[in-house]
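One structure is given below, encoded as structure tokens.
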Amino acid sequence: MADKRFFVIDFDSTFTKVEALDILSDILYEGTDKKVEVGKKIKDLTDQAMAGELSFREALEQRLALLDATKKDVEQLSGELKLLVSESVKRNRSFFTNEKDNVLIVSSGFKDFITPVVKDFGIKEENIYANTFTYNDKDEVTGFDASNPLSEHKGKVKLMKELALEGEVLVIGDGYTDYEIREAGLAKTFFAFTENIKREKVLAKADVEANSFEEILHSIKHPMATSFPKSKIKVLLLENVHQDAKLKLEQEGYQVELLGGALDEDELCEKIKGVHILGIRSKTILTRKVVEAADRLMLVGAFCIGTNQIDLKACTDHGVSVFNAPFSNTRSVVEMAIGEIILLMRQIPKRMRQMDRKEWSKSANGSFEVRGKKLGIIGYGNIGSQLSVLAEMLGMDVYYYDVVEKLALGNATKLSSLDELLATCDVVSLHVDGRPSNKKFFTGEHINKMKKGAVLVNLARGPVVELDALQIALETGHLSGAAIDVFPVEPKNNNDTFDAPLSNIDNLILTPHIGGSTLEAQENIADFVPGKMIEYVNTGSSFNSVNFPNVQLPRLENGHRLLHIHRNKSGILAQMNNVFAKHGCNILGQYLKTNEEIGYVITDIDQSYQPELLEDMRAIEDTIKFRILY
Ligand SMILES: NC(=O)c1ccc[n+]([C@@H]2O[C@H](COP(=O)([O-])OP(=O)(O)OC[C@H]3O[C@@H](n4cnc5c(N)ncnc54)[C@H](O)[C@@H]3O)[C@@H](O)[C@H]2O)c1
Ligand SMILES: O=C(O)CC[C@@H](O)C(=O)O
């Protein structure tokens with residue numbers, strides 16, 4: 001029995017985020033003048049008791065005297081508390097189920113509202129130690145059972161003495177009364193739980209500060225711990241990515257900082273220190289210098305489609321996996337392209353400018369329906385092919401050209417040369433990716449090969465089109481209009497000014513790179529990319545990574561997972577397996593994938609192994625990164 005380990009866990013501000021009596025006071029006085037006044041008194045009394053400045057019994061009596069509650073109110077309180085369980089407790093629900101024999105809730109709160117909340121987590125009713133209310137025959141709370149040791153000053157100590165647990169006792173709580181158990185020599189370790197509230201006086205007494213449940217599991221090397229406490233994972237999000245992303249990552253337990261704009265190279269070299277996960281959009285240029293300045297970086301999330309702003313090779317060389325959102329904003333771009341094509345064909349930008357100049361030009365000259373017109377799509381990827389479908393629904397004849405073989409959707413016609421497309425189409429819409437060879441891909445020569453009076457749309461990447469040549473084609477009337485959303489140089493944020501490279505053209509739509517800027521798209525991205533980040537951290541799965549060999553992995557159960565990223569040279573797997581053999585290690589599963597540059601080997605092994613095994617794995621030549629999940 002001596003090696004049994006008990007987890008003695010406080011309820012208020014530890015298991016839940018809040019002090020239950022504060023919430024009860026809110027329930028009772030909601031919408032009345034007393035709400036603030038009583039709420040403050042209750043809070044002050046709680047704080048004084050938790051900091052050890054007021055005897056617990058006195059604080060309890062004074063607080064209950066302020067609250068005229070009934071059984072129904074207490075039931076409502078339970079319901080609200082169920083929604084207010086601490087985030088890291090929620091994340092570790094399976095811990096409570098697995099450890100149900102060893103988890104004790106020891107609280108100076110009341111079983112009446114605690115039991116329904118903690119029982120949902122599998123905690124046994126007989127392991128819940130707390131006070132109980134007394135009620136009169138009208139179900140009104142009249143007080144508490146004063147014979148319960150937990151209603152007394154140093155009540156937790158008294159209870160723990162009575163319990164006389166045989167084994168290692170760990171106390172987890174936010175209050176001085178939790179520390180008192182340790183002070184009395186009845187616990188081995190006191191974890192000051194600071195996820196919800198930090199009480200300096202309590203912290204000063206702590207053996208360990210834990211601002212999440214994961215930190216506790218990590219610190220005691222519990223088999224259900226994750227290898228690195230999530231609360232120590234630092235995430236830096238730039239360029240105003242949607243708030244939902246921040247929330248999702250915070251709910252996972254990470255520390256998240258969200259900045260409004262992009263940072264330049266030097267700023268980023270500074271800011272990236274200590275950061276494990278970086279999130280950017282299209283304006284942050286992630287150079288090799290930045291990747292090399294990063295001392296903790298394990299993954300980058302591009303909250304957009306394009307990854308041309310990222311030095312992918314540098315990331316790969318340093319074992320940094322890059323994820324993007326390959327289709328979360330596709331529909332938004334397509335809708336904008338459709339809208340712009342219609343506007344240009346009707347000369348709407350020109351008419352609007354004329355109206356601004358107080359000119360009335362009610363004329364059909366140069367204005368056309370899109371029905372029956374020929375749309376040429378260059379780059380028939382996710383966006384190009386979806387545009388193809390929607391444009392056909394408007395009655396356009398769709399032609400496309402791509403450098404790789406692509407299935408024609410609907411009635412679209414594949415053309416085998418760009419020249420043929422340019423000579424055929426009334427509208428040309430560019431949807432190529434931002435690979436380096438596409439810089440200045442669409443030259444003046446291509447523009448000149450377009451049909452006279454045609455229109456050009458570029459919502460792909462700025463450097464793709466030669467804008468000087470486009471300006472001339474628009475001025476001379478060779479093209480009748482253009483819509484440009486992306487530019488060779490774009491401002492870092494909304495406070496910077498922008499000198500448009502095209503000017504004095506009437507039938508021209510210029511937009512500030514907003515093809516993917518709809519709330520729907522940004523919300524989709526804020527769900528998708530953090531999902532990928534969390535999966536990579538938790539399981540090692542690199543599925544959908546832009547630069548890593550794609551491996552889709554199951555969640556790890558009852559083992560340890562070793563993730564080994566190395567330069568792709570022959571013999572590394574053999575070396576790894578020699579290390580496993582040397583240490584007599586039982587392999588539960590192994591996955592290997594390589595690309596031209598790196599190999600990614602994931603090995604699940606039995607939990608019992610010698611720690612030297614890890615040293616030997618790290619020592620394998622050409623190892624880039626090595627991490628363990630457990
Ligand atoms: N304006 C915006 O806000 C916005 C939003 C999202 C995406 N984008 C950009 O739109 C572009 C397309 O995105 P996607 O998701 O469809 O990408 P994708 O990778 O699915 O498709 C790109 C297609 O272009 C083809 N291609 C590449 N170079 C080519 C060339 N020189 N000639 C012909 N075909 C070529 C590829 O083979 C591929 O089929 C990307 O540049 C992306 O960054 C812009
Ligand atoms: O939102 C952005 O910054 C970029 C949008 C777009 O260019 C993309 O690549 O998805």
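Whatever order the structure lists them in is the order used to number ligands and atoms, beginning at 1.
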Proximal atoms of ligand 1 relative to [X] (non-hydrogen, under 4.0 Å):
X	answer
Asn329	5 (C), 6 (C)
Gly306	43 (O)
Lys406	39 (O)
Gly515	1 (N), 2 (C), 3 (O)
Phe441	31 (N), 32 (N)
Gly516	2 (C), 3 (O)
His513	1 (N), 2 (C), 3 (O)

Between Asp622 and Lys569, is a salt bridge (charged side-chain N to carboxylate O under 4.0 Å, His left out) present by the stated rule, with each step listed? CA-CA 8 Å; Asp622 290 308; Lys569 297 215 174 138; 3.3 Å; yes
Less than 3.5 Å between some nitrogen or oxygen of [X] and one of ligand 1, yes or no?
X	value
Asp402	yes
Val404	no
Val486	no

Option with minimal heavy-atom separation from [atom], where the choices are [options]:
atom	options	result
atom 5 (C) of ligand 1	Ile305, Val333, Asn382	Val333
atom 44 (C) of ligand 1	Asn308, Leu459, Val464	Leu459
atom 12 (C) of ligand 1	Met336, His431, Glu405	His431
atom 32 (N) of ligand 1	Val334, Asn438, Val403, Ile383	Val403
atom 1 (O) of ligand 2	Glu239, Arg281, Gln309	Arg281
atom 11 (C) of ligand 1	Asp485, Val432, Ile514	Val432
atom 10 (O) of ligand 2	Ile305, Asn324, Asp485	Ile305

Less than 3.5 Å between some nitrogen or oxygen of Arg461 and one of ligand 2, yes or no?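 Among all N and O atoms of Arg461, at least one is under 3.5 Å from an N or O of ligand 2.
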Is the shortest side-chain heavy-atom distance between Leu268 and Leu286 below 4.5 Å?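 In short, these two side chains touch, coming nearer than 4.5 Å.
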Indicate yes or no: at least one non-hydrogen side-chain atom of Ser429 is less than 4.5 angstrom from one of Leu375. yes
Any salt bridge between Arg331 and Glu335, counting N to O under 4.0 Å? yes
SB check Glu250 Lys246 (cutoff 4.0 Å):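 Looking at Glu250 and Lys246, the cut-off is met.
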Any chance you could measure [X], atom [atom1], to [Y], atom [atom2], to the nearest 0.5 Å?
X	Y	atom1	atom2	result
Ile509	Leu343	CD1	CG	5.0 Å
Asn547	Ile310	CG	CD1	8.5 Å
Asn329	Ile514	CG	CD1	12.5 Å
Ile505	Ile484	CD1	CD1	11.0 Å

On a heavy-atom basis, which atom in Phe498 and which in Pro501 lie closest, and how many Å separate them? CZ-CD, 3.8 Å
If you compare all heavy atoms of Gly515 against all heavy atoms of Asp485, which two are closest, and at what distance to 0.1 Å? N-OD2, 2.9 Å
Please confirm whether Arg435 approaches ligand 1 to less than 4.0 Å, judged on its heavy atoms.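 Contact check Arg435 vs ligand 1: positive.
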Exercise: do Arg461 and Asn438 side chains pair donor with acceptor under 3.5 Å: no
Without hydrogens or angle criteria, can the side chains of Thr594 and Tyr600 be said to hold a donor-acceptor pair below 3.5 Å? no
With heavy atoms under 4.0 Å as the rule, classify the contact between Asn329 and ligand 2 as side chain, backbone, both or neither.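 For Asn329, the contact with ligand 2 is made by the side chain alone.
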For the residue pair His446 and Phe442, does the interplanar ring angle fall in the parallel (under 30°), tilted (30 to 60°) or perpendicular (over 60°) class?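 The rings of His446 and Phe442 lie parallel, inter-plane angle below 30°.
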Using a 4.0 Å cut-off to any heavy atom of Gly306, which atoms of ligand 2 qualify?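 Answer, ordered by atom number: 8 (C), 9 (O), 10 (O).
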By number and element, which atoms of ligand 2 are closer than 4.0 Å to a non-hydrogen atom of His513? 4 (C), 5 (C), 6 (C), 7 (O)
Could you see which bit of Thr330 sits under 4.0 Å from ligand 1, with heavy atoms only: side chain, backbone, both or neither? neither
Considering non-hydrogen atoms of the protein only, which is the closest contact for [atom], and what is the distance?
atom	answer
atom 21 (O) of ligand 1	Gly381 CA, 3.2 Å
atom 9 (C) of ligand 1	Ala460 O, 3.5 Å
atom 4 (C) of ligand 2	Ser282 OG, 3.3 Å

The side-chain contact (heavy atoms from CB on, under 4.5 Å) partner of Phe548 among Ile565, Leu299, Leu312 is Ile565
Apply the test salt bridge (charged side-chain N to carboxylate O under 4.0 Å, His left out) to residues Glu535 and Lys532: give CA-CA distance (whole Å), side-chain angles for both, the deciding distance (0.1 Å), then the verdict. CA-CA 5 Å; Glu535 205 186 356; Lys532 288 281 145 200; 3.6 Å; yes
I'd like to check atom 17 (O) of ligand 1 in this structure: does the protein have a heavy atom lying under 4.0 Å from it? no
